[in-house]
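First the structure, in the form of structure tokens, and then the observations on it.
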Amino acid sequence: MTGSFRRLRRILSRFALFLVMLWLVSVVIFLALRVLPGDVAAVVVGTNSTQAQYEAVRSELGLNDPLVVQYGRWMGQVLSSVWTGDLGTSLVTGQAMSARLASRAAVTFPLIVLSMVIALIFGIWTAVASLTSPRGWVRASLRVVSQVVGAVPALWAGLLLIVLFGRGMGMLGVLPAQGFSRASLVAALASLLLPALSVGIITGAQFFRYTRSALLDVEKDDYLTWSMAAGMTYPQAVRSTGLRLATPQIISVAGVTFASMITGVLTVETLFNLPGLATILLSDISERDLPAVQTELLLLAAFFLAVGFLIDVLHTWLDPRVSRGTMNGTQEVRA
Amino acid sequence: MKKGYSGGSALPADKRAQLTRGTDNALNARVRMVRAGMLQNVWWQMVSVVVALAVLVSAVVVAYARTDDAGASGSFAAGSANSRLSIGLQLAPTNLDIRQTSGTALDQLLIGNVYEALLTRNEDNSVSPGLAQSWEVSADRLTYTFHLNSGMTFSNGDVLDSADVVWSIRSMMGGSLQGSSGLENFASVTAPDAHTVVLKLSKPYSQLLWNLSGRTGLVFDEKASASGASAASYDAKTQALGSGPYVLSAYEPGVSATLTARSGYWGEQALNRHAQVHTVVVKYFADPQAGLNAFTSGDVQVLAPISGNLTDAIKNDARFTFKTGEGTDKYVLAFNNKTGGGSASDGTAGVLKDKRVRQAIRYAIDEDAIIASRGGTDAALGGPIPSLDPGYEDLTGLYKTDLKKARALMAEAGYGEGTGRTLKLRLMYANTYPAEIGQQLRSQLARIGIDLDVQRVEFATWLSTVYKQRDFDLSMVDHNESHDFSQWANPDYYYGYDNSDVQKLYAQAMEAVTDSERDALLARAGRIVSEDAAADWIMNYRVVTAWDKRVQGFPLNMNQVNMPLWKVSLGEATVGSTPSEEGGAR
């Protein structure tokens, strides 16, 4: 009883912390963006304009208001959006922000998820194989190859994939290499496949290293020896005992990677001309659409913080030692 | 069965005790499971969960995103009813509000397609009838009488008559709208009847007719515009409502715009303009390589511009045609004529006020080398007026690359060889222009003892630092507007070039009676500006357009500003043999 109460209290206090952090982040974002030279009105009216045109756009967009008023207007919009779902309209494009972000997220999130799946399958499978393969040269070459692949920039990998598989260009021109098709689910997934592969294989090579070192840690602590003593073969021990015990570490890395991929897929989105979140963020910054940039950055920060929180929860769930430690370990003394 | 692993926290005390001493038990249980063939590998469970989740998320999100977006896919089809063409362009408009927002990408997409002007601009930069079927100019060149076509309508069915023309022109008068600067010397505009518009000037203005073929002359539906009745209004930033042969049926900012031929277009009879391609999808590729990939893979059938260096890869492909169009893009290396740049700390403040230094820079720059390195499609340009604009004269002979002269002029001014003084100058330009040009200028100017600090910044930063605050020594911009010589006659422009002779000549040119008189005056003014070395003109950037051979009639000259799509048709021979379209997925 007291245990679950304590856990609830802990979750609530962490949630409060989450809110305070978000508010701080919002202030930092707001102020940091004001340091950027240039303003959206100048971008809108361009180089063949008069001062009158510039002033008209400035006042129409509310850029003459004091900073406090602008911040208040933005925060009001963000807070009300929690129940209205309305994040306001972009100063430059005049589109509703919510619809705009949703249509972009509909490209970026499937791309990230697909990349993660590829990375996890590829990374974990090779890590296990690099320990369990009966052939020495396979084990050695897997290590070398993953080192090399992990060092490749995603941009170059993407170009290589386009040259190999891109329709119209590639030697095996079978896959769409440009843009995002919404004609059908299959077409949509097909247009994400090459970008996801170019990110996924490289991230997979990083997962390989983490997974492998986590498995070696497990081995160092004699868990595998004990498992084998109980009758498992070495590959069996690695796969069931080793992976099971390495999972929390892999989850931590995967979570952080997942969150950071939102900006990590930027180069790939550009290369494959995908209308995702990264490209919208870049264009909004270059057009100085600051309210839009603020909202986008705040949502990204919220997402990042939320993923961190989820990883913690997953950790306690996956690793019994963690929750037992909180039940009758050091936490008890403090509480 | 696997409680021993995962259920620790909720276990009663005796089970926990069993756990701590019972690793053996757990392992024994495991071995039994292996024997019974029911080992469920944790890893495979995880992977299958992740895969299932991924498929689910993708499916849901993509299904959600499947809005009415046929426009984003770009198949190619001939035949009148469902003909379809995709065009790849580079610069996307920031929004669609053509009256508030600058940028020629808007002119390119909307003028002549969705919106129409009083007059039509042709490929050779001349004007011909548009909404006005004819016009008269009084002998004193102060009164312009326009006779409108009859039966004109907007795409929402509203009638377009002289009231809309008068309203559109009058709304420019506040000076806060784009295009309002084209109404110089404006006195009044009236509508004696529904088909006649009379525009009066206070002084002659020889550029008026040309201006009325662009943004200044666009006619909007008064009833549907925001300041009119709100019932039928449209959001000008995300929608467009005009009288042209196409309607904008879909628009995704920065990504694509879809134009659909309008049925019952008034101009089919009055102007004999028939939109031949039913659906035109315009896609924007900020990255030139991405555009090339889309073109070669058939996702777009027209690409403009295509970089001169990139064409080599596919030059010999029999499916494609490449042509270089004329344009009015001027890569201007501007000098800060007003303050003269330099810095007070090393005693070079105002150095660019010294004509010898400006001339030395012009002699030192090897424009031909820069053009050659870009693929050789651009044209040399020796002065402020490009070949398609009034007053053009070939001035490339004025400052032919000559390092000896350049060094001598620098020495006279007290810099470079022999003097032991290096001149430090800053060049700031927007990162929308290639980095190579900055590096080439840096190494070319190093040869005459100028240490050029090249700063490539975001366009917004350039706008505030150079264009507004005038904090620069040298700056480079592609000024792509046509008829923009007024920049050199306006001392308040960021060039800060103040020459009363040029201003006088320009004013005379604007009041000139005949076009040839105007052209001669502008040519004289242009020569003075170039001789003064008020800037260096690196090149007349020319757009190379690439298209699939089945596409016919695509506008070539100035197609980054003026791209009338009703002229475009698709080869009849291709009916039934559409390329690479499996299942119509893309």
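Below, all heavy atoms of this structure are taken into account, side chains as well, without hydrogens, waters or symmetry copies. Chain identifiers are assigned alphabetically (A, B, ...) following the order of the sequence lines, protein sequences preceding nucleic acid strands; residue numbering begins at 1 within each chain. Predicted model, so just to flag it, every value in this text is computed and none were measured.
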(message) Under a 3.5 Å distance rule, please check whether A:T93 uses its side chain to pair with a backbone N or O of B:P253 as donor and acceptor.
(response) no
(request) State whether B:D299 and B:K283 are salt-bridged, where the test is any N-O pair (Lys NZ or Arg NE/NH1/NH2 against Asp/Glu carboxylate O) under 4.0 Å. (result) no
(request) Answer with side chain, backbone, both or neither: which region of B:Y493 has an atom nearer than 4.5 Å to a non-hydrogen atom of chain A? (result) side chain
(request) Below 4.5 Å from any heavy atom of chain A, which atoms of B:E458 appear? Answer side chain, backbone, both or neither. (result) side chain
(request) Classify the side-chain pair B:R99/B:S171 by whether it contains a donor and acceptor separated by less than 3.5 Å. (result) yes
(message) Between B:T296 and B:L292 (side chain of the first, backbone of the second, donor and acceptor by atom type, cut-off under 3.5 Å), is there such a pair?
(response) yes
(request) Please state whether the side chain, the backbone, both or neither of B:Q487 comes within less than 4.5 Å of a heavy atom of chain A. (result) side chain
(request) Name the option with the most non-hydrogen atom pairs under 4.5 Å to chain B; the candidates are A:V40, A:V45, A:T279, A:L159. (result) A:V45
(message) Can you tell me which portion of A:L111 sits under 4.5 Å from chain B's heavy atoms? Options are side chain, backbone, both or neither.
(response) neither
(request) Measure distances from A:E287 to the heavy atoms of chain B and classify the residue's part below 4.5 Å as side chain, backbone, both or neither. (result) side chain
(message) Quick check against the 3.5 Å criterion: does B:S102 have a side-chain atom that pairs as donor or acceptor with the backbone of A:V44?
(response) yes
(request) Counting only heavy atoms closer than 4.5 Å, note whether A:S286 contacts chain B via side chain, backbone, both or neither. (result) both
(message) Looking at B:I98, is its backbone amide N or carbonyl O close enough to the side chain of B:R215 to form a donor-acceptor pair, meaning the two atoms are under 3.5 Å apart?
(response) yes
(request) Please look at B:L177 and chain A and tell me whether the side chain, the backbone, both or neither of the residue comes under 4.5 angstrom of a heavy atom of that chain. (result) backbone
(message) Report which part of B:Y467 has an atom under 4.5 Å of a heavy atom belonging to chain A: side chain, backbone, both, or neither.
(response) side chain
(message) Does any backbone or side-chain atom of A:Q51 lie under 4.5 Å from a heavy atom of chain B? Answer side chain, backbone, both or neither.
(response) side chain
(message) So for B:Q178, is it side chain, backbone, both, or neither that comes closer than 4.5 Å to the heavy atoms of chain A?
(response) both
(request) Please determine if B:K468 and A:D39 form a salt bridge, counting it only when a charged side-chain N lies under 4.0 Å from a carboxylate O. (result) no
(message) So that I know where these two stand, are B:F295 and B:F320 an aromatic pair - ring centroids less than 6.0 Å apart?
(response) yes
(request) Give, as side chain, backbone, both or neither, the part of A:L282 having an atom under 4.5 angstrom from any heavy atom of chain B. (result) neither
